[in-house]
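Working notes, beginning with the structure itself.
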Amino acid sequence: TYTHTHVVIYDDVFDTGNTLMSVASNKYIVNNASSVTTCALVYKPRGIQRPHVYGLTAPCNAWLYGSGMDHQGRGRTQSGIFAVVNNAFS
């Protein structure tokens, strides 16, 4: 149960915000938790939604790779997070 607890919801990349915001707006969580904080490692500004806390900002038209993320199956093992803009990776 989330009653009287502080809930932190984390996402790796906050792109459209649909995933994180759908969880954060869950009535069961919102109505029972003391607080709900949304966090993301990378924020890609697109609209009016944004996480409460984020670490990095990337262009909204960029594809990210490295540190476990890949672009068309490549770049997953890179140590760091890199951005591809306008399909420059191909």
Side-chain angles (χ1 to χ4, degrees):
T1 180
Y2 299 103
T3 303
H4 306 297
T5 59
H6 299 281
V7 177
V8 177
I9 303 170
Y10 170 80
D11 197 4
D12 56 353
V13 179
F14 187 99
D15 193 355
T16 62
N18 291 340
T19 303
L20 195 62
M21 291 304 165
S22 68
V23 174
S25 65
N26 179 295
K27 297 284 187 233
Y28 181 74
I29 295 172
V30 173
N31 292 339
N32 294 302
S34 295
S35 67
V36 177
T37 302
T38 55
C39 304
L41 175 61
V42 181
Y43 169 52
K44 294 168 72 175
R46 282 189 185 226
I48 58 172
Q49 293 181 331
R50 70 178 194 174
H52 293 107
V53 179
Y54 55 93
L56 306 168
T57 303
C60 62
N61 64 337
W63 188 269
L64 304 175
Y65 70 96
S67 295
M69 297 179 284
D70 65 64
H71 178 69
Q72 298 176 349
R74 297 183 275 172
R76 177 177 292 276
T77 60
Q78 297 292 315
S79 59
I81 298 174
F82 303 91
V84 175
V85 181
N86 297 328
N87 207 18
F89 200 49
S90 43

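Being a predicted model, the structure only gives us computed values, none of them experimental.
- Note that CZ of R46 and CG of D15 are 4.0 Å apart. Values are rounded to the nearest 0.5 Å.
- Between the side chain of S67 and the main chain of S79, no donor-acceptor pair closer than 3.5 Å is present.
- Residues R74 and Y65 form no side-chain contact, since every pair of their non-hydrogen atoms from C-beta on lies 4.5 Å or further apart.
- A continuous path of hydrophobic side-chain contacts links V13 to L41 [ILVMFWY only; heavy atoms under 4.5 Å].
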Can you check side chain to side chain contact (heavy atoms under 4.5 Å, CB included) on V7 and T5, steps first, answer last? CA-CA 6 Å; V7 177; T5 59; 3.9 Å; yes

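- Pairing each heavy atom of A83 with each of L64, the nearest pair is CB-CD2, 3.9 Å.
- By the rule that hydrophobic residues join a cluster once side-chain heavy atoms approach within less than 4.5 Å of another member, V42 and F82 end up as members of separate clusters.
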I'd like a table of donor-acceptor pairs (distance under 3.5 Å, sequence neighbours excluded) in which one partner is a side-chain atom from residues 53-63, with atom names and distances.
residue	atom	partner	partner atom	Å
W63	NE1	D70	O	2.8
W63	NE1	H71	ND1	3.3

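- At a cut-off of 3.5 Å, with distance as the only test, no side-chain donor of S34 or H4 sits close to an acceptor on the other residue.
- The salt bridge (charged side-chain N to carboxylate O under 4.0 Å, His left out) analysis of residues 58-69, with sequence neighbours excluded, yields no pairs.
- Here the closest heavy-atom approach between residue V36 and residue A33 is recorded as CG2-CB, 4.1 Å.
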Using the rule given for side chain to side chain contact (heavy atoms under 4.5 Å, CB included), can you reason through M21 versus F14, listing the C-alpha separation, both sets of side-chain angles and the distance that settles it, and then say yes or no? CA-CA 10 Å; M21 291 304 165; F14 187 99; 3.9 Å; yes

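- Between the side chain of T37 and the backbone N or O of V8, no donor-acceptor pair lies under 3.5 Å.
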Might you work through the side chain to side chain contact (heavy atoms under 4.5 Å, CB included) test for Y10 and D12, ending with a clear yes or no? CA-CA 7 Å; Y10 170 80; D12 56 353; 4.2 Å; yes

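- No side-chain heavy atom of P51 sits under 4.5 Å from any side-chain heavy atom of D11.
- Summarising the geometry, atom CG belonging to N32 is positioned 4.0 Å from atom OG1 belonging to T3; distances are rounded to the nearest 0.5 Å.
- Contact between Q49 and N18 at its shortest, heavy atoms only, is OE1-N, 4.5 Å.
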Test side chain to side chain contact (heavy atoms under 4.5 Å, CB included) on Y43 and R50; report intermediate values, then the result. CA-CA 7 Å; Y43 169 52; R50 70 178 194 174; 3.4 Å; yes

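- Residue I48 shares its hydrophobic cluster (ILVMFWY side chains chained together at separations under 4.5 Å) with no other residue.
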